[in-house]
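This report refers to the structure that appears directly beneath it.
The model shown is predicted, which means the values in this text are computed figures rather than measured ones. Counting convention: from 1, in listed order, for ligands and their atoms alike.
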Amino acid sequence: MAKKELNLGILAHVDAGKTTLTERLLYEAGAIDELGSVDAGTTQTDSLTLERQRGITIKSAVASFALQDVHVNLIDTPGHPDFIAEVERVLSVLDGAVLVISGVEGVQPQTRILMRALERLRIPTLVFVNKIDRPGAGDERVVHTITERLTTAVVPMGTAHALGTRGADFTLSSAEDSVFRARLAEVLAEGDEGIMAAYVEDESELPYQLLRDALAAQTKRALVHPVFFGSAVTGAGVESLMIGIAELLPASTGDPDGPVSGTVFKIERGTSGEKIAYVRMFSGTIHTRERLRFGSGLEDKVTAITVFERGPAVQRPAVSAGAVAKLWGLSKIQVGDRIGETGTDASDHHFTPPTLESVVVAGKPDDRARLRVALEQLAEQDPLIDVRQDDTRHELSVSLYGEVQKEVIQATLANEFDLEVTFRETTPICIERPLGTGEAIEFLHAESNPFLATIGLRIDPAPDGSGVDFRLRVDPRTVPLYLYKTGERFSERMGAYARETLREGLFGWQVTDCIVTMTKCIYSVPDGPPSKRGPLSTAADFRKLTPLVLMQALECAGTVVCEPTVRATVEIPTGSVGAVLAALARLDAAVEPPSLRGPLSLIETVLPAARAHDLQQRLPGLTGGEGVLDSSFAGYQSVSGHQPTRRAYDAESVEG
Ligand SMILES: Nc1nc2c(ncn2[C@@H]2O[C@H](COP(=O)(O)OP(=O)(O)OP(=O)(O)O)[C@@H](O)[C@H]2O)c(=O)[nH]1
Ligand SMILES: [Mg+2]
């Protein structure tokens with residue numbers, strides 16, 4: 001019988017203790033004999049030189065251990081917001097997650113962002129309140145902020161003692177604990193009519209085993225989130241968490257004999273530069289030397305397979321449903337590709353895509369070609385950096401989440417590719433939204449139309465955040481079915497041509513939040529009536545004519561450039577409110593009235609993403625080093641005044 005597998009993500013705000021907890025779990029489960037530490041740079045999952053030097057996780061990493069009859073693949077993820085793309089790629093392969101919250105700092109901005117994604121994807125999640133050994137750690141206070149700011153569907157699974165001391169510990173509640181039983185009944189009643197009825201009648205009559213079973217069932221359905229407390233450093237509470245992982249999270253039960261299906265969630269390069277793909281198998285079995293189909297219909301042969309076993313990866317002849325493996329030999333594979341079938345998960349975004357970009361300049365002009373190859377290799381591992389070269393200056397630019405990511409790219413290029421680079425100033429990636437409705441049509445046989453088709457397109461504005469929607473509003477008899485088989489297929493391809501066109505709008509930015517409607521469609525046929533007569537239209541005619549018509553429609557509609565904004569919460573000493581408000585006014589920030597809480601005050605503000613960095617840098621000076629800034633993406637807002645064009649570098653910032 002196939003082993004039970006649990007693919008478990010460890011997620012949290014930066015520095016909450018994910019890597020330390022991962023190391024502790026591996027140690028307690030006997031997968032490693034010696035406990036490494038982040039501060040000494042000796043953990044299993046922070047294995048990159050840069051991670052060890054900086055003491056932060058940059059890439060997600062896998063390690064495994066056995067827990068009762070379950071084989072657990074732990075995926076340790078980075079918490080820094082600049083590396084959220086790493087978390088994104090992992091989400092689609094998880095059976096469950098542990099969300100780590102620091103017992104001292106409590107719920108932090110990234111905690112909320114992660115919890116929202118976990119809830120949206122219905123990933124069963126346990127909460128681990130870490131660092132209970134540190135002075136200032138809380139228990140009830142933290143649970144209170146969890147219910148206030150994350151979710152009310154939580155059940156603390158026990159009690160923490162001697163908080164804030166080295167001897168801090170955690171005891172699981174038992175059947176005899178009436179407060180625990182009451183809390184269980186109350187939370188579980190929400191998702192279980194039987195418990196609800198009994199709860200209203202007399203909650204103390206509910207059998208404990210029934211509550212435990214319902215807890216496991218509802219946790220596995222991501223309806224309820226059990227909360228554990230402990231310390232990854234001292235090991236307190238970790239055994240209880242492990243019991244919870246085994247009992248409350250759903251090990252996967254894929255079919256090893258079914259059709260092959262897996263998802264690639266990470267790509268790395270081996271010691272001799274070969275590509276290694278991390279795949280999570282959902283169904284079927286892959287053997288070495290087997291040819292696999294993946295991504296956009298590509299094929300390649302697997303030359304070697306390793307699976308994770310008690311810590312590191314070991315070579316195996318095959319990998320089956322449920323497991324995570326590293327595959328060699330698939331040279332054309334990309335992050336997000338599905339294996340065994342075509343398609344990709346890479347376009348399902350759960351978090352905001354990068355909102356910044358910067359030009360990367362090779363230290364030596366001769367290195368430009370090598371730089372391009374190196375950046376393309378980095379983009380294999382992180383497609384969101386989206387390497388681009390502009391046509392006139394041939395400059396290379398990448399999309400970024402922030403300054404730390406920039407430093408990491410710079411260090412990686414130096415260490416792994418022996419390339420010294422500098423970055424130009426970081427600028428926001430704007431978008432364009434249509435201002436009004438625009439319509440255009442190109443007729444078959446018209447002089448202005450070099451292609452064999454009539455296409456009419458309309459573009460209309462749509463609500464913010466809605467993306468690009470394509471609609472077909474033509475007589476079904478006019479659709480070239482001989483090219484596209486079905487109307488749906490035609491609509492899908494036309495939608496793809498339209499989206500491709502809208503990657504660059506009137507000012508060079510991606511156009512979004514609009515509806516494109518096809519209003520007219522004619523193709524030419526050799527034996528058709530005179531108006532349609534001509535050589536038979538090909539798919540290329542439709543593909544090439546779409547951008548011409550759509551850009552004309554867009555010109556009619558007009559567009560407005562919108563820049564990314566962030567919502568920042570600034571916590572500062574009340575004495576510096578005046579100075580901070582004045583600085584915010586200079587940064588064009590929309591400020592809500594400050595809420596004064598005794599010696600500390602909170603200011604909520606929305607400001608352009610490009611300015612948030614300035615604010616971050618000025619804050620220590622304005623607040624005597626006491627100010628704290630938390631920020632999260634807050635959508636796009638139209639740029640007032642001059643509409644910036646993409647790649648409009650002013651002359652003095654371009655050297656040479
Ligand atoms: N006192 C105490 N310190 C802890 C605990 N867990 C982690 N730390 C410390 O907190 C710091 C961050 O720990 P990491 O494990 O690197 O945190 P992380 O969540 O993996 O951080 P990123 O991956 O960079 O987001 C390190 O200095 C750890 O030693 C804990 O339970 N108690
Ligand atoms: Mg880490």
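Checked by distance only, ligand 1 and V14 stay at 3.5 Å or farther apart across all their nitrogen or oxygen atoms. Between G230 and ligand 1, no pair of N/O atoms sits closer than 3.5 Å. Close N/O approach between I56 and ligand 1 is not found [any backbone or side-chain N/O within under 3.5 Å]. Ligand 1 has no nitrogen or oxygen under 3.5 angstrom from a nitrogen or oxygen of L21. For a threshold of 3.5 Å applied to N or O pairs, the pair formed by D46 and ligand 1 contains no separation below that value. Of the polar atoms of R134, none of the N or O atoms is found under 3.5 Å from an N or O of ligand 1, judged by distance alone.
Using a 4.5 Å cut-off on side-chain heavy atoms (C-beta onward), V359 and L396 make no contact. Residues R134 and E105 form a side-chain contact, since some pair of their non-hydrogen atoms from C-beta on lies under 4.5 Å apart.
Distances below 4.0 Å separate heavy atoms of S231 from the following atoms of ligand 1: 30 (C), 31 (O), 32 (N). Near T19, the atoms of ligand 1 lying under 4.0 angstrom from a non-hydrogen atom of the residue are 15 (O), 18 (P), 20 (O), 23 (O).
Counting only N and O atoms by type, the side chains of D133 and T234 include no donor and acceptor under 3.5 Å apart.
Here atom 25 (O) of ligand 1 lies nearest to K18 when heavy atoms of H80, K18, R24, H13 are compared. For atom 32 (N) of ligand 1, the nearest non-hydrogen atom from the set V100, D133, I58, D76 comes from D133. When the options D39, T43, I132, T77 are ranked by their closest heavy atom to atom 28 (C) of ligand 1, first place goes to D39.
Taking a cutoff of 4.0 Å between a charged side-chain nitrogen and a carboxylate oxygen, K275 and E268 do not qualify as a salt bridge. Ion pairing between E86 and K266 fails under the 4.0 Å rule for side-chain N and carboxylate O. Ion pairing between D382 and R89 holds under the 4.0 Å rule for side-chain N and carboxylate O. Salt-bridge formation is not detected for the pair R269/E416: no Lys NZ or Arg NE/NH1/NH2 atom is positioned less than 4.0 Å from an Asp or Glu carboxylate oxygen. With salt bridges taken as basic N to acidic carboxylate O contacts below 4.0 Å, one links R280 and D95.
The single protein non-hydrogen atom nearest to atom 7 (C) of ligand 1 is T20 OG1, 3.5 Å, given as residue, atom name and distance. Among all non-hydrogen protein atoms, the one lying nearest atom 24 (O) of ligand 1 is T57 N, 3.1 Å. Looking from atom 12 (C) of ligand 1 to the surrounding protein, the closest heavy atom is D15 OD1, 3.3 Å. Atom 5 (C) of ligand 1 has V233 CG2, 3.4 Å as its closest protein atom, hydrogens excluded (heavy atom only). In terms of protein heavy-atom proximity, atom 8 (N) of ligand 1 is closest to K131 CE, 3.8 Å. Protein heavy atom at the shortest distance from atom 17 (O) of ligand 1 is G17 N, 3.1 Å. Nearest non-hydrogen protein atom to atom 6 (N) of ligand 1 is N130 ND2, 3.1 Å.
Around the Mg ion (ligand 2), protein N, O or S atoms at a distance under 2.8 Å total 2; waters are neither shown nor counted.
To the nearest 0.5 Å, atom CG of residue L600 and atom CD1 of residue I572 are 9.0 Å apart.
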- Message: Working note: E403 + K406, criterion salt bridge (charged side-chain N to carboxylate O under 4.0 Å, His left out); need CA distance, chi angles, decisive distance, verdict.
- Response: CA-CA 5 Å; E403 297 301 314; K406 200 160 141 181; 3.5 Å; yes

- Candidate pair F228 and V238, rule side chain to side chain contact (heavy atoms under 4.5 Å, CB included), full reasoning: CA-CA 9 Å; F228 298 82; V238 173; over 6 Å; no

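Surrounding CZ of F180 are more than 12 heavy atoms belonging to other residues, nucleotides or ligands, all under 6.0 Å away.
Only the side chain of V38 comes within 4.0 Å of ligand 1, counting heavy atoms alone; its backbone N, CA, C and O stay farther away.
Annotation for Q315 and A304: closest pair NE2-CB, 3.7 Å, computed over non-hydrogen atoms. Across all non-hydrogen atoms, the minimal contact from E51 to I58 is OE2-N, 2.8 Å.
Using a 4.0 Å cutoff on heavy atoms, A12 does not count as a contact of ligand 1.
In this pair, F633 and Y636 present their aromatic rings perpendicular. The plane angle is above 60°, beyond the 30 to 60° band. Taking the six-membered ring where the residue is Trp, F170 and F229 present tilted rings, their angle falling between 30° and 60°.
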